[in-house]
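All values below come from the heavy atoms of this structure, side chains included, with hydrogens, waters and symmetry mates left out. Both counts, for ligands and for their atoms, begin at 1 and track the order of listing.
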Amino acid sequence: MRFAETGFNLEVDLSRGNIERVATDPRWTELHLGGLGTNARILWDRVPADAEPFSPENLLIFGTGLLCGTPAVGCNRTIVSTISPLTRLMAYSMMGGFWAPELKYAGYDKVVVRGRSPDLVYLWINNDKVELRDASHLRGKGAIETEALIKKELDEPRAQVSAIGLAGENRVYFASIEQGKSSASRGGLGAVMGDKGLKAIAVRGTKDVNVARPDEFMELCDQALEYIRIRKDRPIPGVMPILAGLGSPAEMAVHDEKWHTENFMWGNARTRRKGFWNEEIAKSWENTLESWRTRLISCYNCPMKCAATITIPGLPTYMMKCFSKLTYTMAAMSDLDFGLKIAQKATEYGVDGFSAPQVMAFALELLQAGLLTEADMPGLPPDNEGRFHWLLDRIVRREGIGDVLANGTHWAAQQIGKGAEEYAHNNIKKQEQLPLKLGMLNQIYFLMYCTGEKINITQIEGNFPQAPFPTRQEREEFVKDWVQVPDERFKEWFLEWELRGEKSIPNYPPPEATCEIVNWQEQMHHIDDALGICAGLSSFPLKPPYHMHNLPKFISAAAGIEMDEAGLKKAAWRNRNLVRAVSIRRGMRRADEKPPADHWKNRFPELEAKLLDTYYKFRGWNRDGIPTKESLHDLDLDFVGEDFLRRGILKEGETPAASEKQPSEGTKP
Ligand code: SF4
């Protein structure tokens, strides 16, 4: 018997209309755990290195984490992976909600989609009965509308439905996959789904998921729940509200947006509005949120209630999650309520709430600079809010200038030319980022932005505080119950970390310690993404219930795999290298590993080069950021090393220290 997982994937070939239930190899679970790890293994094995994102040979994988569907709190993530049209590298995005546990209960760990359907279809998974159904009547329908229509059509109100909207159907490079209160938004996964002619996947499952040692596992689950309860009453003092507690960042219960509105950038990631948050605005925002937010809601098996239903007079009710409540508002330089209004439409269209507002603000900045003209935007309304609605409607339909903007700021700028590239300034590896601009380079986040395979400024934050606490006394207080640290050195680094002087950023923590901190944070994210744990309860907040010391016990008790801390770290590191390898094989190199050009005002090119060198070496990568044959061997990834040698990506005998390989030109379109 397989524990925690079902041991079966669904393989769906949309070109041939073929569906197979395929047994999976349990050794892969031991090596990669599940979720993102096994998704990456499938992408590596089966998607050719030169496959176009929009091609039948690209795969779209919906993978559940290993612990999804077990009673472990907050284990509900679907990890969706593919080759991104936006970055042309491997993309993955984690979707909360209820879909992953439902798939497990139907008897499958993953749905692996290949090919391209000649007609628009949706997949209906009802335990053992799986079929492709005509979706021509759903063409052009909103993602949430589609969910409701499919449930009605199937007469199955308890089905969980992941769907795309018009943006996905029209292959907008930043189209999302929506599912109730959650979405897989980053990297254009919805565009790949649209290219495949797949409107939705509905699933209903009523089977059991078995765990290996139930009593032990339930004891661990109870401990995690109890810790969440205790932490609720003990917010961490001295940090911004979203970091003080647990749960998803910018959860919908929080009213206080002073930090975001005054520290993040408005417009096309340009304008900082110090002093914006005053008493009048705080009151009006609280009133708006309290009257339109009709209910706080949670993902499957979680008490945190990070999301909310939003009911605005005259508009259908929708579910708002995470930071989208401010991204549209700030990009449009509008009133705060505008973001909640346009997000209803954007959710139905199915677009990424980080990229879409940035693309529209970019277009308006180009208009202001004369690189686009009124002739490019006939009928554009005079006001910013009207302009955002106008642009969004055209982008998702790929009409006129919308057809260019639908490819994201990087590719749109190349198409527009005339220097427009300078305005696509807030990207990492061609993907739009959170509009945050800061003063002094933070070396920990420099490395995380540059090298993170998630290609995301959000959702990569970690368990080490983002900034030092002002006084030694506050720091001593913080480390007292900091049980999550891998070892005592992390406490020492934090205790010594000062706001100013010799022991402040960017020189402290020193490069080696910085590598260790980055490594810890990345490990935690990769563990979450393999196990399907919400980052809000593990890799994201300070002092979470899940950490390196209790997670091996969860895995052992649930899956029956004997796991210890060293084994878990190795599995996370193996997965990270494999995800990286998929992108390296597609051309990703050191030259691509950089933060948005103006993310920090104070930059230090020599230090930054040293940081990258040190981190690459620390990780067993060569000077171009490519894992060496030896380090791949240590991770049981010899097949990757051999492939790299065959392709000339690595040379025989190359070591992290000896490599003199120069940075390449980076990925070409
Ligand atoms: S912490 Fe929030 S986002 Fe995470 S699973 Fe719970 S409700 Fe969902």
Practice prompt. Tell me whether C299 has at least one N, O or S atom under 2.8 Å from atom 6 (Fe) of ligand 1.
Written response: no
Worksheet item: Is E453 salt-bridged to R580, cutoff N-O under 4.0 Å?
Response: yes
Worksheet item: Would you call K543 and D481 a salt bridge, taking side-chain N to carboxylate O under 4.0 Å as the test?
Response: yes
Discussion item. Just verifying a value: how many Å separate N463 CG and W520 CH2, rounded to the nearest 0.5 Å?
Written reply: 4.5 Å
Worksheet item: Where on M94 is there a heavy atom closer than 4.0 Å to ligand 1, on the side chain, on the backbone, on both, or on neither?
Response: neither
Worksheet item: Quick one: does N550's side chain have a donor or acceptor within less than 3.5 Å of a partner on P545's backbone?
Response: yes
Discussion item. Under 4.0 Å, heavy-atom basis, I'd like to know which part of N76 is in contact with ligand 1: side chain, backbone, both or neither.
Written reply: side chain
Worksheet entry | Residue C534 vicinity, atoms of ligand 1 by number, heavy atom under 4.0 Å | 1 (S), 3 (S), 4 (Fe), 5 (S)
Worksheet item: Is it true that R229 and E226 have a side-chain N and a carboxylate O under 4.0 angstrom from each other?
Response: yes
Worksheet, complete the sentence: For C302, the atoms of ligand 1 under 4.0 Å from one of its heavy atoms are 1 (S), 5 (S), 6 (Fe), 7 (S)
Discussion item. With respect to atom 2 (Fe) of ligand 1, please indicate if C306 possesses an N, O or S atom at a distance under 2.8 Å.
Written reply: yes
